[in-house]
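Notes follow once the structure below has been shown.
Bear in mind the structure is a predicted one, so any value in this text is a computation, not a measurement.
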Amino acid sequence: MIRATGSGAAARSVACACCAVLPTAMASPATPSTAAAGRRHCRRRLALPLSLLVPSCLALLLAEAAGIPTTLDGPFPPATRAFDRALRRGSDDVPLTDPCLAPRARPPAPEQIALAASADAGSLWVSWVTGRAQVGSDLTPLDPAAVRSEVWYGECSTAAADSYPHVATGSAEVYSQLYPYPGLLNYTSGAIHHVRLRGLRPATRYYYRCGDSSLPGGLSDERSFTTLPAAGTGSYPRRVAVVGDLGLTGNSTATVDHLAQNDPSLVLMVGDMTYANQYRTTGGKGFPCFSCSFPDAPIRESYQPRWDGWGRFMEPITSKIPLMVIEGNHEIEPQGHGGEVTFASYLARFAVPSKESGSNTKFYYSFNAGGIHFIMLGAYVDYNRTGAQYSWLEKDLQRVDRRVTPWVVAAWHSPWYNSYSSHYQEFECMRQEMEDLLYRHRVDIVLSGHVHAYERMNRVFNYTLDPCGPVYITIGDGGNIEKIDIDHADDPGKCPSPGDNHPEFGGVCHLNFTSGPAKGKFCWDRQPEWSAYRESSFGHGILEVVNSTYALWTWHRNQDAYGENSLGDQIYIVRQPDKCLLQPTSALSLNW
């Protein structure tokens with residue numbers, strides 16, 4: 001049963017080590033089942049030993065025993081949990097003087113250590129920063145080659161770096177954020193190092209130190225990580241955490257603390273990491289609406305030291321668990337005359353498997369994690385059918401072998417299906433260009449952020465309920481300074497006008513619906529039938545793949561970490577490969 005709580009619960013103080021809290025119980029909303037026939041079939045097998053049960057039947061029996069609905073029970077009647085407007089909608093940013101955001105390592109020691117998956121389980125990226133960033137008017141960038149990029153590693157812990165059996169080397173870079181406008185300060189980063197480890201064994205714990213072994217104090221303390229499982233239908237990451245629009249507020253710290261408690265083996269960040277562009281270049285206080293506070297600013301400014309603080313805050317997680325990111329609109333960060341240079345920080349700070357997956361750009365890429373193929377798409381670069389991203393996506397989907405990676409999960413920042421007023425139909429152009437391709441290749445789950453709330457859709461294709469459509473989930477409720485979104489497009493007086501919600505990239509393709517209860521209208525007058533559940537609360541998601549057809553999705557509200565027997569939303573997502581066949585040439589929708 002969903003427990004009645006709001007999103008404005010007071011956030012706990014920052015805890016560098018991501019303080020542990022009591023585990024939450026796996027309860028869920030009670031939902032009527034329409035899959036009785038399948039359950040009767042599974043019950044007939046109860047006399048068999050568990051090891052002989054068909055895996056999908058075992059998962060179904062476990063779901064029934066726990067009272068957890070499955071997508072086979074859908075489509076579900078739309079449900080909304082209303083926001084208590086007496087509660088606060090957000091919290092302020094944590095200051096850079098906080099011990100978890102302030103520098104802790106002394107140069108040349110590494111800081112902001114982060115891992116990222118490569119295209120497969122046999123390799124992994126290690127990134128870190130050395131040296132001090134600079135803010136001012138006349139800056140001299142650091143020499144990125146002045147400090148080596150080394151990772152010493154092995155399967156056994158050791159007190160000395162030269163005792164590790166392996167060492168890998170990489171490269172380093174420095175980026176700048178430059179503003180040719182009076183009164184604005186410039187920024188140049190520390191040296192950002194990226195090293196790719198190769199020849200790793202899947203599902204194996206490794207110990208490592210990174211930095212420069214030739215310099216006194218140039219290596220980090222020993223850290224460890226466990227590689228992801230190899231691709232295959234019988235191996236999956238233990239838990240995949242999903243978070244979007246995180247920021248660095250008190251609510252953000254609660255999200256990260258709760259996420260760490262759930263002990264994931266992989267973290268997906270679906271855009272809008274730091275919200276550094278809510279600040280002037282001079283620092284000071286961040287604001288929920290930059291343009292409202294500074295309407296005469298010559299350019300959307302960004303205070304880059306917030307990136308360094310974010311890297312330090314996330315390090316207890318990212319130094320041991322791969323973090324996979326994709327850009328959002330808050331990563332655009334224009335600089336130079338007219339803002340001709342964009343995404344400098346995003347492109348420099350993160351290592352992603354772009355070359356390994358054939359995209360050759362950090363704006364979109366793919367990778368495998370056990371039996372899951374993840375596709376990370378860019379909403380702020382060309383997504384048209386004639387463009388490079390679409391061509392790459394088509395080839396990437398064609399290469400997927402569902403006998404090896406049965407699950408295909410796509411993620412990008414801006415949602416296509418969204419019933420909130422905020423960003424309503426904002427990326428309709430991207431949907432019209434790409435949705436058919438994803439549908440034909442039977443993408444199972446789509447994860448997005450951008451809207452600062454939670455929403456899970458019924459299976460849908462082209463705004464029509466469809467048992468073979470993906471399950472779209474919006475999880476842009478990480479806790480950022482712009483606060484929670486609470487208005488729905490179907491609320492009285494809250495339907496945006498067709499002139500609202502222009503994207504920061506791409507065209508405007510707003511449309512009126514051509515069929516169903518909203519025919520001829522821009523907005524529904526009630527919660528759309530494709531919206532299964534929505535709630536305005538901060539939190540994160542956990543995806544646990546059980547086998548080739550069943551995956552458990554759980555949305556955790558932040559405040560649920562402090563209570564028992566309470567979860568925000570939980571459902572088993574069920575694939576039906578025998579019913580939803582791949583369609584390489586055309587999209588043919590099946591009826592419920």
Side-chain angles (χ1 to χ4, degrees), residues 93 112 114 116 125 127 129 133 173-179 187-189 192 194 242-249 252 267-281 286-291 299-311 313-314 318 323-336 339-354 359 361-365 376-383 389 411-415 423 426-427 430 447-452 474-482 502-506:
D93 267 347
Q112 304 178 49
W125 286 95
S127 302
V129 178
E173 61 183 299
V174 169
Y175 80 93
S176 297
Q177 190 81 7
L178 305 176
Y179 297 100
Y187 169 94
T188 184
S189 71
I192 302 170
H194 301 299
V242 187
V243 63
D245 302 70
L246 183 60
L248 256 179
T249 69
S252 310
V267 179
L268 297 187
M269 188 79 66
V270 292
D272 286 3
M273 273 71 87
T274 70
Y275 287 78
N277 67 343
Q278 302 300 119
Y279 289 76
R280 304 298 302 265
T281 61
F287 292 85
C289 176
F290 183 90
S291 60
I299 194 171
R300 178 67 179 266
E301 300 174 36
S302 179
Y303 188 56
Q304 291 294 294
R306 297 295 299 182
W307 276 101
D308 295 307
W310 191 86
F313 173 71
M314 294 295 294
T318 60
L323 171 69
M324 307 308 294
V325 301
I326 198 65
E327 75 277 3
N329 55 300
H330 284 271
E331 279 72 64
I332 297 175
E333 297 183 314
Q335 60 173 302
E340 68 270 18
V341 178
T342 55
F343 293 105
S345 183
Y346 170 79
L347 293 173
R349 290 180 181 271
F350 297 106
V352 299
S354 52
S359 81
T361 172
K362 294 183 179 181
F363 291 124
Y364 50 89
Y365 61 92
M376 312 292 279
L377 296 179
Y380 297 91
V381 292
D382 184 10
Y383 46 69
Q389 180 175 201
W412 59 86
H413 182 60
S414 310
H423 306 301
E426 187 175 296
F427 273 76
M430 185 182 181
L447 303 164
S448 297
H450 202 40
V451 177
H452 302 159
T474 298
I475 191 154
D477 57 343
N480 67 79
I481 196 173
E482 289 184 329
H502 282 221
E504 294 182 58
F505 178 87

Can you tell me if T188 uses its side chain to pair, donor with acceptor, with the backbone of S176 under 3.5 Å?
no

Is there a donor-acceptor pair under 3.5 Å between the side chain of D245 and the backbone N or O of G478?
no

Under 3.5 Å, is there a donor on one side chain and an acceptor on the other for S414 and Y380?
yes

Donor-acceptor contact below 3.5 Å, side chain Q112 vs main chain V129:
no

State whether the side chain of E331 and the backbone N or O of G328 hold a donor-acceptor pair below 3.5 Å, judged by distance alone.
yes

Ignoring hydrogens and geometry beyond distance, is a side-chain donor-acceptor pair present between S345 and Y175 at under 3.5 Å?
yes

Heavy-atom closest contact (F290 atom, I299 atom, distance):
CE2-O, 4.1 Å

Is there a donor-acceptor contact under 3.5 Å from the side chain of S359 to the main chain of Y364?
yes

Check: S448 side chain, W412 main-chain N or O, donor-acceptor pair, under 3.5 Å
yes

If you measure from CE on M430 to CG on D382, what distance do you get to the nearest 0.5 Å?
10.5 Å

Non-neighbouring partners of E301 that pass salt bridge (charged side-chain N to carboxylate O under 4.0 Å, His left out), sequence neighbours left out:
R280

side-chain contact (heavy atoms from CB on, under 4.5 Å) assessment of S302 paired with Y179
CA-CA 10 Å; S302 179; Y179 297 100; 3.5 Å; yes

Are Y187 and Y303 an aromatic pair by the rule of ring centers under 6.0 Å?
no

All heavy atoms of T342 vs all of L347, minimum pair found to be O-CD1, 4.4 Å

Closest heavy-atom contact between P415 and V451?
CG-CG2, 3.9 Å

Show your working on side-chain contact (heavy atoms from CB on, under 4.5 Å) between I332 and F343 and close with a plain yes or no.
CA-CA 5 Å; I332 297 175; F343 293 105; 3.4 Å; yes

Return the minimal non-hydrogen interatomic distance between S189 and I192, and the atom names on each side.
OG-CD1, 4.0 Å

Suppose we screen for side chain to side chain donor-acceptor pair (under 3.5 Å). Which residues come up paired with E173, at least two apart in sequence or across chains?
none

Nearest heavy atoms of M314 and L246, plus distance in Å
SD-CD2, 4.0 Å

Is there a donor-acceptor contact under 3.5 Å from the side chain of E426 to the main chain of P503?
no

side-chain contact (heavy atoms from CB on, under 4.5 Å) partner of Q335, the single match among R300, Q177, Q304:
Q177

Does the side chain of Y279 pick up a donor-acceptor pair with the side chain of D93 at under 3.5 Å?
yes

Nearest heavy-atom contact between N329 and H413 is OD1-NE2, 3.0 Å

Would you call the rings of F350 and Y346 parallel, tilted or perpendicular, taking 30° and 60° as the class edges?
tilted

Pair H452-D477, side-chain donor/acceptor within less than 3.5 Å
no

Under 3.5 Å: donor-acceptor pair, side chain of Q389, backbone of G378
yes

Measuring from atom CD1 of I326 to atom CE of M376, what distance do you get when rounded to the nearest 0.5 angstrom?
5.5 Å

Could you tell me whether the side chain of T274 and the main chain of A276 form a donor-acceptor pair under 3.5 Å?
yes

